[in-house]
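This report refers to the structure that appears directly beneath it.
As the structure is a prediction and not an experimental result, all values here were calculated from the model.
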Amino acid sequence: MVIVSGAVSVRPERRADAIEAMRRVAEATRSEAGCRAYDFYADVRDPDRFRVYEEWESDEALNAHLAAMHTQEFLAALGTMAVGDPVVTRHDV
């Protein structure tokens, strides 16, 4: 299993747009083969910072997700909303 966790801060004026983009990508991702969990969470200390938590059955499932159109569209949109670069960590368990 592969676990991915990460965090990203978004521009305050784009927060609502970011939440909608996260909702759309999460909805599409949860139906992908090999996806066990895919969720975003708001940071309670900083309302413009979000965390992502993902569980994948395999590298192949994660790679398919990363190549999916909805993921590519999300990442492109996030680039216009983010403050700095997202921080992402991968764990093989």
Is there a path of hydrophobic side-chain contacts, each under 4.5 Å between heavy atoms, that joins [X] and [Y]?
X	Y	answer
Y41	V4	no
V8	L75	yes
V87	Y53	no
L62	I3	no

Got a donor-acceptor contact below 3.5 angstrom from the [X] side chain to the [Y] backbone?
X	Y	answer
R30	Y38	yes
Q72	L66	yes
T71	H65	yes

Item checked: Heavy-atom neighbours of D85 CG exceed 12 at 6.0 Å ->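 For D85, atom CG is not crowded (no more than 12 foreign heavy atoms under 6.0 Å).
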
Salt bridge check: are E20 and R23 linked by an N-O gap of less than 4.0 Å?
-> yes

- Task: Answer yes or no: is there an ion pair linking D48 with R14, defined by an N-O contact shorter than 4.0 Å?
- Result: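 Looking at D48 and R14, the cut-off is not met.
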
So which heavy atom on [X] is nearest to which on [Y], and how close?
X	Y	value
M81	A21	CE-CB, 4.1 Å
P47	R15	O-NE, 2.5 Å
C35	W56	CB-CZ3, 3.4 Å
A82	R11	O-NH2, 3.5 Å
A61	G34	CB-CA, 3.8 Å

Side-chain touch [X]/[Y], heavy atoms, less than 4.5 angstrom:
X	Y	result
T29	E54	no
I19	V10	no
H70	R24	no

